[in-house]
Amino acid sequence: MPELPEVETVVRGLQGLVGRRITDVEVRWERTVAVPDVETFVRRLQGRRIEEIKRRGKWVVVRLDGGLFLLIHLRMSGRLVVRWGSATDDRHLRVVLALDDGSRLFFSDPRKFGRMALVEDPEHLLGDLGLEPLDEGFTVKRLRDRLAGRRARLKSLLLDQRVVAGLGNIYADEVLWRAGLHPLRRADRLTEEEVARLHRAIRDVLREAIAGRGTTLRDGRYVGADGRPGGFAPRLAVYRRTAQPCPRCGTPIQRIRVGGRGTHFCPRCQT
DNA sequence: GTATGTACCTGCGGGC
DNA sequence: TGCCCGCAGGTACATA
């Protein structure tokens, strides 16, 4: 699943598109376009110049000339790949953007959960997002403030994009293992030292995953914008490793459900 | 505020 | 080998 490290890897791989102009737009699955209506989406996108491509949480944010923003969320199975040349046999293509250098940006998405939005004010969609964990502003104090008074379970809060933006099911489990914290812990019961451990684990796990260009699971679904899979999967400590030994203490990894999500943890070293 | 359930979707794996 | 069934999960929304 594309989470922060995967989206960051995709965004880095798309930097070559900055300065290109969009010459043609093809929408093959209309519901991929959240807003505006498809006809307006196509008309307003054509002829736009790409000024900047960045990431916010799990969103890809494409700033265009004319004060427009193309926001892209990959959700479960979305994939953004740049290619030159002729057709592709990908039967999951949902949107294709043709560019003025002859390349094309393909948005492929088997499960059709991914969304694109063409808006003037990105804050309408991004405004509720929480702390950006790799920014300088992500401090122990700010994390502590976000968790203060929250009685919900740690795992659920880490998945809440309004608290910290960018974590999904894989990295939430990995972060909690790294921090030695049990997924069912109440957030407001963490000690100062535990919040500091959580803060460090979030930054370390995400940085290492980005260095590994993200996690490609056995399904092979996630790839970067250049089509290469990520290399972080062998370094996952707990995610989808049920009954396998904890890399730290050898205890078999357990799987439970928390808020409807499969949750993997070490019952010995996560307290 | 918190927890749970449903919808959106398709590929995949388990069971037979 | 082939078929059916249910799960996986990010987010929005409804409900308790």
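Every chain is numbered from 1, with letters handed out A, B, ... down the list of sequences.
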**Q.** Sub-6.0 Å ring centroid separation between A:Phe138 and A:His199
**A.** yes
Q. Would you call the rings of A:Phe232 and A:Tyr171 parallel, tilted or perpendicular if under 30° counts as parallel and over 60° as perpendicular?
A. tilted
Q: Answer with yes or no whether the side chains of A:Ser108 and A:Arg221 bring together a donor and an acceptor at under 3.5 Å.
A: yes
If you look only at distance, which donor and acceptor atoms sit under 3.5 Å apart when one is on a side chain in residues 247-254 of chain A and the other is two or more places apart or in another chain?
{"from": "A:Arg248", "atom 1": "NH1", "to": "A:Trp177", "atom 2": "O", "distance (Å)": "3.2"}
{"from": "A:Arg248", "atom 1": "NH2", "to": "A:Trp177", "atom 2": "O", "distance (Å)": "2.7"}

Q | Strand-adjacent residues in residues 74-83 of chain A, judged by heavy atoms under 4.0 Å from DNA chain C | A | A:Arg75, A:Met76
Q | A:Asp128 CG - C:dT11 C1' separation (whole Å) | A | 13 Å
(Q) Does a side-chain N or O of A:Arg240 approach OP1 or OP2 of C:dC7 to a distance below 4.0 Å, or not? (A) no
**Q.** Whole angstrom value for the distance that separates P of B:dT4 from NZ of A:Lys155
**A.** 14 Å
Q | Between C:dG10 (C1') and A:Tyr171 (OH): distance, integer Å | A | 15 Å
**Q.** Separation of atom CG in A:Leu4 from atom P in C:dT11, rounded to whole Å
**A.** 11 Å
Q. Are OP1 or OP2 of B:dT2 and a side-chain N or O of A:Arg150 less than 4.0 angstrom apart?
A. yes
Q. Closer than 4.0 Å, any side-chain N/O of A:His92 to the OP1 or OP2 of B:dT10?
A. no
Q: Establish, with yes or no, whether the OP1 or OP2 oxygen of B:dT2 is under 4.0 angstrom from a side-chain nitrogen or oxygen of A:Arg162.
A: no
Q) Rounding to a whole Å, what distance do you find between A:Asp219:CG and B:dG13:P? A) 9 Å
Q | Residue among A:Arg203, A:Arg235, A:Arg213 satisfying salt bridge (Lys or Arg N to Asp or Glu O under 4.0 Å) with A:Glu208 | A | A:Arg235
(Q) Run A:Glu120 and A:Arg44 through salt bridge (Lys or Arg N to Asp or Glu O under 4.0 Å) and show every step you take. (A) CA-CA 11 Å; A:Glu120 291 177 357; A:Arg44 297 192 77 184; 3.2 Å; yes
Q) Is it true that A:Asp65 and A:Arg21 have a side-chain N and a carboxylate O under 4.0 angstrom from each other? A) yes
Q: Kindly say if A:Arg257 contacts the phosphate of C:dA8, meaning a side-chain N or O under 4.0 Å from OP1 or OP2.
A: yes
Q: Considering only NZ, NE, NH1 and NH2 on the basic side and carboxylate oxygens on the acidic side, decide whether A:Arg197 and A:Glu193 come within less than 4.0 Å.
A: yes
Q) Counting just side-chain N and O atoms, does A:Tyr222 come under 4.0 Å of either OP1 or OP2 of C:dG9? A) no
Q: Between C:dT11, B:dG11, C:dG9, spot the one nearest the side chain of A:Met1, thanks.
A: C:dG9
Q: Output the residues of residues 112-121 of chain A in contact with DNA chain B, where contact means a heavy atom of the residue under 4.0 Å from an atom of the strand; sort by number or write none.
A: A:Lys112, A:Phe113
Q: Could you work out which one of B:dT4, B:dG11, C:dG9 sits closest to the side chain of A:Asn169?
A: C:dG9
Q | Any A:Gln161 side-chain N or O less than 4.0 Å from OP1/OP2 of C:dG10 | A | no
Q. Among B:dC9, C:dA8, B:dG11, which nucleotide sits nearest the side chain of A:Pro110?
A. B:dG11
Q | Nearest-nucleotide comparison on DNA chain B, the residue closer to the 5′ end among A:Arg261 and A:Val258 | A | A:Val258
Q.
Between A:Glu132 and A:Arg55 (salt bridge meaning N to carboxylate O under 4.0 Å), is one present in this structure?
A. yes
